K.L.:
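First the structure, which I've put down as structure tokens, then a few questions once you've had a look.
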Amino acid sequence: HGPDPTGIDRYEIKGDTFERCVADAPAGRGCFNAHGGMALLDDRLLATTGEGPLLALDPRSGRIVSQYEVQLPGDHVVDLGLDEDSQRVFIVGSCGYVGGLAMIDLRAARTTVLVPTRQADSPCGERISVVPGGHTLVVAQALRPVASKERPGKLLVLDDAGHRLREFATSSEPIDILVSRP
């Protein structure tokens, strides 16, 4: 992720070497067209694209199998939270853009906007995780660009409808998050 480098590379282990998925991909570009987060679900590689749709790719070829509109206009989406059991993907808008929260039901191929963008109470974050079981989300929130650098970041805890359950101040801006079963 950056101004020029973008995409996903896939390597295959062959003896003591790694074979890249496409040897002639341009420098700084991945073999598969994507931008940001990814997750493997069964025979699909789910990948964000920044301003575009969430893609479901064939993990071997990178071919687009399906795509899902995120429906967070004006945002830059670089992460996804996956609940494998229910096959739902949660998308949070960036704090550097307009925030918002959407849920994509992969089985029904339907997107539901849980909290619209550009609202004072729109959650935002750079990372999102789904607590196993799929009913609680945790968002790592960096500071909004207009905020003072003296303030810490936050962890937002939301239910799967987008309602805030709790907020926790952090001692610095969180850059990643991982949740596990209690």
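All figures in this text were calculated on a predicted structure; none of them were measured in a lab. Computation of the quantities below employed the complete heavy-atom set of this structure, encompassing side-chain atoms and omitting hydrogens, waters and symmetry-equivalent molecules.
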K.L.:
Please answer whether the main-chain N or O of Gly153 pairs with a side-chain N or O of Thr170 as donor and acceptor at a distance below 3.5 Å.
P.N.:
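Judged by distance alone, yes, a pair lies under 3.5 Å.
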K.L.:
Does the side chain to side chain contact (heavy atoms under 4.5 Å, CB included) test come out yes or no for Ile8 and Met38, once each step is laid out?
P.N.:
CA-CA 9 Å; Ile8 298 171; Met38 62 182 158; 3.7 Å; yes
K.L.:
Leu106 vs Leu41, test: side chain to side chain contact (heavy atoms under 4.5 Å, CB included). Steps then yes/no.
P.N.:
CA-CA 10 Å; Leu106 298 173; Leu41 177 65; 3.5 Å; yes
K.L.:
Is Leu55 linked to Val89 within one hydrophobic cluster, defined over Ile, Leu, Val, Met, Phe, Trp and Tyr using a side-chain heavy-atom separation of less than 4.5 Å?
P.N.:
no
K.L.:
Asp75 side chain to Tyr97 main-chain N or O, any donor-acceptor pair under 3.5 Å?
P.N.:
no
K.L.:
Taking all atoms of both residues into account, what is the closest heavy-atom pair of Pro116 and Gln119, and its distance?
P.N.:
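The answer is CG-NE2, 3.5 Å.
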K.L.:
Spell out, as yes or no, whether a donor-acceptor pair under 3.5 Å connects the side chain of Asp159 to the backbone of Ala161.
P.N.:
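Yes, because the side chain of Asp159 sits within donor-acceptor range (under 3.5 Å) of the backbone of Ala161.
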K.L.:
Would you sort out whether Leu101 and Leu137 count as a side chain to side chain contact (heavy atoms under 4.5 Å, CB included), showing the intermediate values?
P.N.:
CA-CA 11 Å; Leu101 181 69; Leu137 316 173; 4.1 Å; yes
K.L.:
What's the separation between atom CD in Gln141 and atom CG in Leu155, rounded to the nearest 0.5 Å?
P.N.:
9.0 Å
K.L.:
Same hydrophobic cluster for Val130 and Leu80, using side-chain heavy-atom links shorter than 4.5 Å among ILVMFWY?
P.N.:
no
K.L.:
Please list, chain by chain and in numerical order, all residues satisfying salt bridge (Lys or Arg N to Asp or Glu O under 4.0 Å) with Arg44, sequence neighbours excluded.
P.N.:
none
K.L.:
Could you walk me through whether Leu54 and Thr49 satisfy the side chain to side chain contact (heavy atoms under 4.5 Å, CB included) test, starting with their C-alpha distance in whole Å, then the side-chain angles of each, then the deciding distance to 0.1 Å, before giving a yes or no?
P.N.:
CA-CA 6 Å; Leu54 176 74; Thr49 58; over 6 Å; no
K.L.:
With the side chain counted from C-beta on, respond yes when Pro123 and Val139 share a heavy-atom pair under 4.5 Å apart, and no when they do not.
P.N.:
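Pro123 vs Val139: side chains apart.
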K.L.:
May I ask you to decide whether Glu173 forms a salt bridge with Lys154, counting only side-chain N to carboxylate O separations under 4.0 Å?
P.N.:
no
K.L.:
Do His35 and Val78 have side chains that get closer than 4.5 Å, going by heavy atoms?
P.N.:
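A side-chain contact exists here, since the closest heavy-atom pair is under 4.5 Å.
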K.L.:
Hey, what do you get for OG1 (Thr17) to CD (Glu12), rounding to the nearest 0.5 Å?
P.N.:
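Spacing of OG1 (Thr17) from CD (Glu12) equals 9.5 Å.
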K.L.:
Given a cutoff of under 4.5 Å between side-chain heavy atoms of I, L, V, M, F, W and Y, with clusters grown through shared members, what are the other residues clustered with Ile13?
P.N.:
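Besides Ile13, the hydrophobic cluster comprises Tyr11, Phe18, listed by chain and residue number.
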K.L.:
Would you mind reporting whether Asp79 and Thr48 have side-chain heavy atoms less than 4.5 Å apart?
P.N.:
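Answer no - side chains too far apart.
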K.L.:
Do the non-hydrogen side-chain atoms of Leu82 and Phe90 ever get within less than 4.5 Å of each other?
P.N.:
no
K.L.:
Might you point out which heavy atoms bring Val92 and Arg127 nearest each other, and give the distance in Å?
P.N.:
CG1-O, 4.4 Å
K.L.:
Taking the side chain as C-beta and beyond, is there a heavy-atom pair between Arg20 and Asp9 under 4.5 Å?
P.N.:
yes
K.L.:
On a heavy-atom basis, which atom in Ser122 and which in Thr117 lie closest, and how many Å separate them?
P.N.:
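For Ser122 versus Thr117, the nearest heavy atoms are OG-C, 3.8 Å.
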K.L.:
Group every Ile, Leu, Val, Met, Phe, Trp and Tyr by side-chain heavy-atom contacts under 4.5 Å, then state whether Ile64 and Leu46 land in the same group.
P.N.:
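They do not share one cluster, since no chain of ILVMFWY contacts under 4.5 Å joins Ile64 to Leu46.
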K.L.:
Closest heavy-atom contact between Leu57 and Gly62?
P.N.:
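Nearest heavy atoms, Leu57 then Gly62: CD2-O, 3.4 Å.
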K.L.:
Atom CG of Leu72 and atom CZ of Arg118: how far apart are they, to the nearest 0.5 Å?
P.N.:
10.0 Å
K.L.:
How long is the gap from CZ on Arg10 to CZ on Phe32, to the nearest 0.5 Å?
P.N.:
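CZ of Phe32 is found 5.0 Å from CZ of Arg10.
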K.L.:
For the residue pair Gly96 and Glu126, what are the closest heavy atoms and their distance?
P.N.:
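For Gly96 versus Glu126, the nearest heavy atoms are N-OE2, 4.1 Å.
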K.L.:
Roughly how far apart are Glu167 CD and Leu158 CG, rounded to 0.5 Å?
P.N.:
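Rounded to the nearest 0.5 Å, the CD-CG separation comes to 9.0 Å.
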K.L.:
Can you tell me how far CD1 of Ile91 sits from CG of Leu114, rounded to the nearest 0.5 angstrom?
P.N.:
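Those atoms lie 11.0 Å apart.
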K.L.:
Can you pull out every side chain to side chain donor-acceptor pair (under 3.5 Å) where at least one residue sits in residues 99-110? Sequence neighbours excluded, please.
P.N.:
none
K.L.:
Do the side chains of Val131 and Val138 get nearer than 4.5 Å, heavy atoms only?
P.N.:
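The answer is yes; the side chains approach within 4.5 Å.
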